[in-house]
Amino acid sequence: MRYQGIIFDLDGVICSTDEYHYRAWKALADRLHVPFDRARNNLLRGVSRLASLDIILEKADRSYTKEEKAALAEEKNGLYRRLLADMGPDALSEDVSSTLRALRETDLKLAIGSSSKNTPFILRQIGLEGFFDAVADGNCITHSKPHPEVFLQAAAMLGLPPEQCLVVEDAHAGVEAAAAGGFDCAAMGDAKDDERASWHLNAFSDLLACL
Ligand code: BG6
Ligand code: MG
């Protein structure tokens with residue numbers, strides 16, 4: 001096999017929580033009368049909660065204090081968590097589910113590398129708690145993507161050097177983070193055509209052909 005380990009982004013790769021992020025940010029932006037649409041939402045992929053809020057507020061007609069921003073981020077997270085609460089194992093597509101099962105049958109080590117502080121909650125909701133050999137997430141990093149910290153941490157937890165791991169990403173910020181950390185990257189979704197990626201996936205299961 002070309003790689004010893006795979007590090008998956010979570011939102012928009014394993015499950016479609018990226019759609020819930022959009023809906024929660026959209027509700028907040030509408031309340032604040034700040035223009036926000038799906039094109040701007042794509043700028044938030046892979047980016048931390050507070051950095052995402054800063055990007056949204058670039059279009060606001062007033063400035064916000066640090067305290068106000070903390071409250072707005074909390075409000076968005078409350079909306080988002082309510083959407084996550086209704087999500088169950090059926091939120092995993094058949095394509096993702098069968099591919100993960102096939103990968104688990106190999107010797108490859110599997111990890112999550114996500115900017116999200118909600119990662120443990122999401123993994124529990126979709127029935128993947130304990131499935132991965134390592135989970136590096138927003139709770140254990142100081143720099144969000146495009147910084148490579150979360151992927152470097154996941155690789156270290158797997159006991160593998162970056163060049164032996166493949167990162168799977170749907171965010172340009174994530175593809176950039178993978179490249180900065182010395183990882184090969186398989187890009188999909190919004191980032192599929194990113195030229196910094198080594199592989200371009202039309203479907204999650206296309207991953208099996210990259211190994
Ligand atoms: C990333 C998402 O996985 O996590 C971003 O792509 C999100 O859109 C980030 O902002 C942080 O998520 P959370 O759950 O900590 O607010
Ligand atoms: Mg993502």
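Both counts, for ligands and for their atoms, begin at 1 and track the order of listing. The analysis underlying the following values was restricted to heavy atoms, covering all of them including side chains, and did not include hydrogens, waters or symmetry mates.
Between Arg23 and Glu19 there is a salt bridge, with a side-chain nitrogen of the basic residue lying less than 4.0 Å from a carboxylate oxygen of the acidic one. A salt bridge between Arg62 and Glu68 is present, with a side-chain N of the basic residue lying under 4.0 Å from a carboxylate O of the acidic one. Under the 4.0 Å criterion applied to side-chain N and carboxylate O atoms, Lys145 and Glu176 are not assigned as salt-bridge partners. Comment: Arg45 does not engage Asp9 in a salt bridge, judged by the lack of any side-chain N to carboxylate O separation of less than 4.0 angstrom.
Residue Asp11 counts as close to the Mg ion (ligand 2), with an N, O or S atom under 2.8 Å. Distance check for Glu169 against the Mg ion (ligand 2): none of its N/O/S atoms falls below 2.8 Å.
Surrounding CG of Asp107 are at most 12 heavy atoms belonging to other residues, nucleotides or ligands under 6.0 Å away.
Looking only at N/O/S atoms, Asp9 comes nearest to the Mg ion (ligand 2) through OD2. Nearest N/O/S atom of Asp170 relative to the Mg ion (ligand 2): this is OD1.
The ring-ring contact (aromatic ring centres under 6.0 Å, His included) check on Tyr20 picks up nothing, with sequence neighbours excluded.
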**Message:** Run the side chain to side chain contact (heavy atoms under 4.5 Å, CB included) test on Leu72 and Leu28 for me, step by step, so that the C-alpha distance in whole Å, both residues' side-chain angles and the decisive distance to 0.1 Å come before the verdict.
**Reply:** CA-CA 8 Å; Leu72 292 175; Leu28 181 73; 3.9 Å; yes
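Using cut-offs of 30° and 60° on the angle between ring planes, the pair His21 and Tyr80 is parallel.
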Contact table ligand 1 N or O to protein N or O, d under 3.5 Å:
from, atom 1, to, atom 2, distance (Å)
ligand 1, 3 (O), Asp11, OD2, 2.6
ligand 1, 4 (O), Asp11, OD2, 3.4
ligand 1, 6 (O), Gly46, N, 2.8
ligand 1, 8 (O), Leu44, O, 3.1
ligand 1, 10 (O), Val47, O, 2.7
ligand 1, 10 (O), Ser52, OG, 3.3
ligand 1, 14 (O), Ser116, OG, 2.6
ligand 1, 14 (O), Asn118, ND2, 2.7
ligand 1, 15 (O), Arg49, NH2, 3.1
ligand 1, 15 (O), Lys117, N, 2.7
ligand 1, 16 (O), Arg49, NE, 2.7
ligand 1, 16 (O), Arg49, NH2, 3.4

